[in-house]
Every structure is written in C-alpha cells, then in structure tokens.
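Report on the following structure.
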Amino acid sequence: MRVEHARMHAKHRGHEAMHAEMVLILIATLVVAQLLLVQWKQRHPRSYNMVTLFQMWVVPLYFTVKLHWWRFLVIWVLFSAVTAFVTFRATRKPLVQTTPRLVYKWFLLIYKISYATGIVGYMAVMFTLFGLNLLFKIKPEDAMDFGISLLFYGLYYGVLERDFAEMCADYMASTIGWCSGSTSSASAAGALWGRSRRVPTAERRS
C-alpha cells in the first residue's frame, strides 16, 4: 500500500499547481465575461436584451427534450405559441387598435399566474421545512419537489413574460411615435392600453 501510495504521488506530481492555474483562469474568465456583459448592456441594451431573451427562451428546450420533462415542454409550447402570436401582433405596422389591449391582458394574466405559482411554491417549501407536510401524510421529498417546481415555474415564466412585455411595449410605442427620453416602456404600454380602451367607446358614441 505504501508503494502504491508513493507511485500515485509520483504520478500526480505537479497537478496541484495545474489545478491552481485552472482555478485562476476560471476566475479571470468569469470576471472578464462579467465586465464584457456589463459593457454590452450599457452600450447596446437593445441587442443585449434580445440575445439574452432568446437564450432564456430557447436554451431550456434542449434540457427539456433531453431529460424528458414533458410537462414543462407542454407548458412551454403553449406559452410560446400564444406569446409569439401576441408579439407578432405588437410588431405589425400599422398597429391595430385592439393590439395594446391584447398585449396588456395577456402579459397581465401571465404575471398573475406566475406570481400566484411562486407564492404557492414558496409556501410549500416553508411548510416542508417546518414539517407541516406530515400532517397530510406527504413525504418530505415529494413536498419539496412540488414546492421547488412551482418556484421554478413562477420565476422562469415571470421573468420571461416581463422581458417579452417590455419588448412588445417598445415596439408599439415606437410604431406610434410615443416614446421620448423621459417615457418608460411600462408607462407607454399603459397609455397604449388606455388609448385602445377609449377608441372603441368614442367610435360607439359617434
């Protein structure tokens, strides 16, 4: 055993320095990548938002198919189909009068569902940590998996719908020439939705 131990040390001699170099290279890469991402976001926010949104939307699809998460895949397909339709309507020129209302209602619905899902998931995790799941004869691992899954769904689709909503609001505001230097996407979207509600009323009165 001593001979084998000595042979192992002789074989792996110098690996500690190599491992230290690998850790330093990893830390340096992370720092440089973070600086580049910050500069990209500050100098070209539109392209940064588009690329990060596309990656966040598409990358989970690979792991979903590979790991056979069919429930997530079904929800992702339904969300993507409706969101793609709403985004398509928001990017049309000229802008249809009912489009701002459609965009507002869809993303508000997703926001409420994501918020409620996250709250239920958080409560399930906390109840599991305090052992309240035993009152309902639920295994701790099952309760924790349920809570973490709901937290993930709420966080993922909440962030995704926020980015899509901002993108649609920017497109609609730029289409009608609403945005100015002091006007945000959220206020522009609210104004567009209010305008879409007032237009049919005015038409009916006339």
Side-chain angles (χ1 to χ4, degrees), residues 23 26-27 29-31 33-35 37-38 40-41 45 48-90 100-170 172 184-190 192-194 197:
V23 171
L26 177 61
I27 295 175
T29 303
L30 291 176
V31 171
Q34 185 66 29
L35 292 176
L37 287 175
V38 170
W40 182 18
K41 184 177 181 180
Y48 174 85
N49 293 333
M50 293 292 293
V51 172
T52 53
L53 174 59
F54 180 78
Q55 290 180 347
M56 186 172 58
W57 182 37
V58 174
V59 169
L61 183 62
Y62 168 76
F63 297 99
T64 299
V65 176
K66 184 178 181 180
L67 300 176
H68 306 290
W69 293 342
W70 306 123
R71 179 180 56 192
F72 181 86
L73 181 61
V74 171
I75 298 175
W76 185 90
V77 169
L78 294 176
F79 172 83
S80 300
V82 180
T83 303
F85 173 74
V86 172
T87 305
F88 175 80
R89 290 282 302 272
R101 184 189 305 177
L102 174 66
V103 173
Y104 184 86
K105 286 185 175 181
W106 168 246
F107 289 114
L108 179 62
L109 175 64
I110 298 299
Y111 168 77
K112 290 181 178 180
I113 295 175
S114 301
Y115 189 81
T117 302
I119 291 296
V120 174
Y122 176 77
M123 293 176 62
V125 171
M126 295 304 297
F127 286 169
T128 304
L129 293 177
F130 285 107
L132 298 179
N133 58 292
L134 300 177
L135 298 176
F136 303 97
K137 297 181 179 180
I138 301 176
K139 296 180 179 179
E141 54 270 18
D142 295 338
M144 187 63 71
D145 290 343
F146 175 76
I148 292 176
S149 297
L150 290 183
L151 276 175
F152 170 75
Y153 279 103
L155 179 63
Y156 175 74
Y157 288 104
V159 174
L160 204 60
E161 66 87 18
R162 183 202 63 184
D163 292 345
F164 270 110
E166 289 182 357
M167 183 183 67
C168 292
D170 287 338
M172 291 188 298
S184 63
S185 300
S187 60
L192 286 169
W193 182 70
R197 294 186 62 187

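Just so you know, these numbers use all the heavy atoms, side chains as well, and skip hydrogens, waters and symmetry mates. Note that this is a predicted model, so its numbers are computed, not measured.
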Seminar exercise, completed: So CD of Glu161 and CD of Glu166: to nearest 0.5 Å the spacing works out to 9.5 Å

For this session: Please examine the side chains of Leu160 and Leu53, heavy atoms only from C-beta on, and report whether any two atoms are closer than 4.5 Å.
Result: yes

Validation: residues 69-87 side-chain donor-acceptor distances under 3.5 Å, sequence neighbours left out:
| residue | atom | partner | partner atom | Å |
| --- | --- | --- | --- | --- |
| Trp76 | NE1 | Trp57 | O | 2.9 |
| Ser80 | OG | Trp57 | NE1 | 2.8 |
| Ser80 | OG | Trp76 | O | 2.7 |
| Thr83 | OG1 | Phe79 | O | 2.7 |
| Thr83 | OG1 | Trp106 | NE1 | 3.3 |
| Thr87 | OG1 | Thr83 | O | 2.7 |

Exercise. Out of curiosity, Leu67 CG to Tyr62 OH, how far, rounded to the nearest 0.5 Å?
Worked result: 8.5 Å

Exercise. Counting heavy atoms not belonging to Phe88, are there more than 12 under 6.0 Å from its CZ?
Worked result: no

Exercise. Does CE belonging to Met56 count more than 12 external heavy atoms closer than 6.0 Å?
Worked result: yes

Exercise. Taking side chain as C-beta onward, heavy atoms only, is Ile110 less than 4.5 Å from Phe164?
Worked result: no

Problem set entry | OG1 on Thr52 to CG on Asp163, rounded to 0.5 Å | 6.5 Å

For this session: Decide if atom CE of Met126 counts as having more than 12 heavy atoms of other residues, nucleotides or ligands within a radius under 6.0 Å.
Result: yes

Problem set entry | Rounded distance [0.5 Å steps], OG1 in Thr128 versus CG in Asp145 | 9.5 Å

Problem set entry | Distance, nearest 0.5 Å, that separates CZ of Arg89 from CG of Leu102 | 5.5 Å

Exercise. Is there side-chain contact between Met144 and Leu129, with at least one heavy-atom pair below 4.5 Å?
Worked result: yes

Exercise. Shortest non-hydrogen contact from Ile113 to Thr117?
Worked result: O-OG1, 2.7 Å

Problem set entry | side chain to side chain contact (heavy atoms under 4.5 Å, CB included) between Val38 and Gln34, intermediate numbers included | CA-CA 6 Å; Val38 170; Gln34 185 66 29; 3.9 Å; yes

Problem set entry | Over all atoms of both residues, closest heavy-atom pair of Pro60 and Tyr156 | CG-OH, 3.5 Å

Exercise. How far apart are the closest heavy atoms of Gly147 and Ala124, and which atoms are they?
Worked result: CA-CB, 3.7 Å

Exercise. Is any side-chain heavy atom of Asp142 less than 4.5 Å from a side-chain heavy atom of Phe146?
Worked result: no

For this session: Check Ser114 against Gly158 and note the closest heavy-atom contact, atom names and distance.
Result: OG-N, 3.5 Å

Problem set entry | Non-hydrogen atoms of Val103 and Ala90 that approach each other most closely | CG2-CB, 4.0 Å

Exercise. Is atom OH of Tyr48 surrounded by more than 12 heavy atoms (other residues, nucleotides or ligands) closer than 6.0 Å?
Worked result: yes

Exercise. So how far is it from Leu150 CG to Ile119 CD1, rounded to the nearest 0.5 Å?
Worked result: 11.5 Å

